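Take a look at the structure set out below.
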Amino acid sequence: MSFSAFDHACMTRALRLARRGLYSTTPNPRVGCVLAQQGQLIAEGWHLRAGEAHAEIHALREAGAAAAGATAYVTLEPCSHQGRTGPCAQALIDAGVGAVIVATRDPNPRVAGQGIAMLRAAGIKTCEGLLSDEARALNVGFFSRMLRGRPWVRVKLAQSLDGRTALKDGSSAWITGTAARQDVQRWRARACAVLTGLGTVQRDNPSLNVRLPRVQRQPLRVIADSRWQTPAAARTLHLPGATLVAGRADVPVPAALEAVTECLPLATDGGRVDLAALLEALADRELNEVHVEAGAGLAGALLEARLMDELLLYQAPVVLGSDALPTLAIKGPSQMQDRQHFALEEQVMVGEDLRIRLRPQYCED
């Protein structure tokens, strides 16, 4: 089906509304809804927080009786099941809307086309596919968890012009400028978890929390630590919000560490924490996006295990020298044709630094 310029404008507005839940909807997807009647917007809504009304319900409440015969533009297929709230597909039917245009189907097996089927069975004209790529990108973690059984993994790295992330002694504060570091806070805020490794904790004693005004939800802070060597006094373990240390199941957990944080024993992979098992465990907790801030070892391990979905790279206009530490600790290819390729998604200046978003080419949506 072809969509009009007005259809595109309405769905674009719905996507902008959906972004208002960027930092707060987890584990639910970010969804926006617009109602239009005779070429005019009459109501709008967005989902803000799990357990509260969905985008369609907010828009229907605002429209009242005017919803009858209107066209609803929704960024994700209306739900068809009773969860924390009632089914939105039924609410649209009860309101008497005349048509529903959906950006993309809901990958949740509890919906997966059933919402659209409900609407069509009720005689409501329903179309899908308008700005679907944009809608999926907004909820890339939700789609990943539903379709692949693991969160979307976004690895953040900061490097110099010569591809170095820290001095020889591990010092890395600060390669990038203030604007880039503030930008990282926003990426942390949209994530469900922030993951790091033991080396980063021991070297930098980072907070790993979100320090932005008006952001109330703190992502789960996760440390991959195969032998449970995280200091019980580590700063991140004593800040507001939940923390988790993941280690080997065949190594005893120190009582001092267990007293201050949750410890998750996992299977091993070559003596290290099985990262795939860790991500599956995080998906079981309904976590959609994992933001990784770690050293070259953990970042390289995620790439080699094909668990890195996105690379968020900040490049500063500085040089650190050949004895400084590399960006990724990985085994190099023996032949040039075996090198790892990345697809460029975005590049933008953030202050004096260049932010580059890349996708390893092994990744699939």
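Note that the structure is a prediction, hence the values are computed from the model and not measured. FYI, side chains are in, hydrogens and waters are out, and symmetry mates aren't considered; it's all heavy atoms of this structure.
For the residue pair Thr25/Asn28, the side-chain donor-acceptor check at 3.5 Å is not satisfied. The closest side-chain donor-acceptor pair between Thr261 and Thr243 falls under 3.5 angstrom. In the model, Ser160 has no side-chain atom that pairs as donor or acceptor with a side-chain atom of Arg164 under 3.5 Å. With 3.5 Å as the limit, one finds no donor-acceptor pair spanning the side chains of Thr196 and Glu293. No donor-acceptor contact under 3.5 angstrom links the side chains of Asp353 and Thr176, judged on distance only. Between the side chains of Arg272 and Ser226, no donor-acceptor pair of N or O atoms lies under 3.5 Å.
Leu266 is connected to Leu287 through a chain of hydrophobic side-chain contacts under 4.5 Å among Ile, Leu, Val, Met, Phe, Trp and Tyr, so both are in one cluster. Linking ILVMFWY residues whenever their side-chain heavy atoms come closer than 4.5 Å, directly or via other members, leaves Ile116 and Tyr73 in distinct clusters. Residues Val201 and Val222 do not share a hydrophobic cluster, clusters being chains of Ile/Leu/Val/Met/Phe/Trp/Tyr side chains in contact below 4.5 Å. The cluster map of Ile, Leu, Val, Met, Phe, Trp and Tyr, joined by side-chain heavy atoms under 4.5 Å apart, puts Leu278 and Leu257 in different clusters. Put simply, Ile356 and Val153 are part of the same group of oily side chains (I, L, V, M, F, W, Y) that touch within less than 4.5 Å, one to the next.
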**Check against side chain to side chain contact (heavy atoms under 4.5 Å, CB included), Cys10 and Leu41** = CA-CA 8 Å; Cys10 288; Leu41 298 184; 3.4 Å; yes
**Prompt:** Given the rule in the side chain to side chain contact (heavy atoms under 4.5 Å, CB included) test, do Leu130 and His8 qualify, once you have shown the distances and angles that lead to the verdict?
**Reply:** CA-CA 7 Å; Leu130 176 59; His8 277 84; 3.5 Å; yes
**Prompt:** Between Leu138 and Thr75, does a side chain to side chain contact (heavy atoms under 4.5 Å, CB included) hold up when you go through it step by step?
**Reply:** CA-CA 10 Å; Leu138 185 60; Thr75 60; 5.6 Å; no
**Item:** Chi angles and distances behind the side chain to side chain contact (heavy atoms under 4.5 Å, CB included) call for Tyr362, Phe342
**Value:** CA-CA 9 Å; Tyr362 57 73; Phe342 287 77; over 6 Å; no
**Message:** Between Arg248 and Thr268, does the side-chain hydrogen bond (donor to acceptor under 3.5 Å, both in side chains) criterion hold? Intermediate values first, please.
**Reply:** CA-CA 6 Å; Arg248 288 168 48 177; Thr268 62; 5.1 Å; no
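From Glu77, atom CD reaches atom CD of Glu128 across 7.5 Å, with rounding to the nearest 0.5 Å. In this structure, CG on Asn139 lies 9.5 Å from OG1 on Thr104, to the nearest 0.5 angstrom. We find the CG-OG1 distance between Leu298 and Thr200 to be 7.5 Å, quoted to the nearest 0.5 Å. Rounded to the nearest 0.5 Å, atoms CD (Glu346) and CZ (Arg357) are 4.5 Å apart. For the atom pair CG of Leu279 and CG of Leu195, the computed distance is 7.5 Å after rounding to the nearest 0.5 Å.
The two residues Trp228 and Val251 have their closest heavy-atom pair at NE1-O, 3.0 Å. Here the closest non-hydrogen pair linking Gln229 and Gln202 is O-NE2, 4.0 Å. For the pair Leu275 and Ala301, the tightest heavy-atom approach, listed with the atom from each and the gap, is CD1-CB, 3.9 Å. Contact record, Leu76 with Pro107: CD1-CD, 4.4 Å, taken as the closest heavy-atom pair. Across all their heavy atoms, Pro27 and Glu286 have their closest contact at CB-O, 3.2 Å. Residues Leu17 and Cys33 come closest through the heavy atom pair CD1-O, 3.8 Å.
A cation-pi arrangement is not found for Arg30 relative to Trp46, the charged atom failing to lie both closer than 6.0 Å to the ring centre and inside a 45° cone about the ring normal.
Within 6.0 Å of CZ in Arg16 there are 12 or fewer heavy atoms belonging to other residues, nucleotides or ligands. Within a 6.0 Å sphere centred on CZ of Arg19, heavy atoms belonging to other residues, nucleotides or ligands number 12 at most. The number of heavy atoms from other shown groups lying within 6.0 Å of CD (Gln38) does not exceed 12. At most 12 non-hydrogen atoms from other residues, nucleotides or ligands lie less than 6.0 angstrom from CZ of Arg227.
In this structure, Arg186 pairs ionically with Asp183, as a charged nitrogen and a carboxylate oxygen lie closer than 4.0 Å. Under 4.0 Å is where a charged nitrogen must lie from a carboxylate oxygen, and between Glu304 and Lys331 no such pair does.
Proximity of Leu313 to Arg355: side-chain heavy atoms (C-beta onward) are nowhere separated by under 4.5 Å. A heavy-atom distance below 4.5 Å is found between the side chains of Pro219 and Val210. Between Glu56 and Leu92, the closest side-chain pair of non-hydrogen atoms falls below 4.5 Å. The shortest side-chain heavy-atom distance between Pro151 and Arg145 does not fall under the 4.5 Å cut-off. Looking at Gln340 and Leu303, their side chains come closer than 4.5 Å, going by heavy atoms from C-beta outward. Taking the side chain as every heavy atom from C-beta outward, Val34 and Ile42 never approach each other to under 4.5 Å. In this structure the side chain of Val245 never reaches within 4.5 angstrom of the side chain of Glu262, judged on heavy atoms. With a 4.5 Å cut-off on side-chain heavy atoms, Asn288 and Trp152 do not count as touching.
Checking side-chain atoms of Asp162 against main-chain N and O of Val319 turns up no donor-acceptor pair under 3.5 Å.
Partner of Glu289 under the salt bridge (Lys or Arg N to Asp or Glu O under 4.0 Å) criterion, chosen from Arg188, Arg154, Lys156: Arg154.
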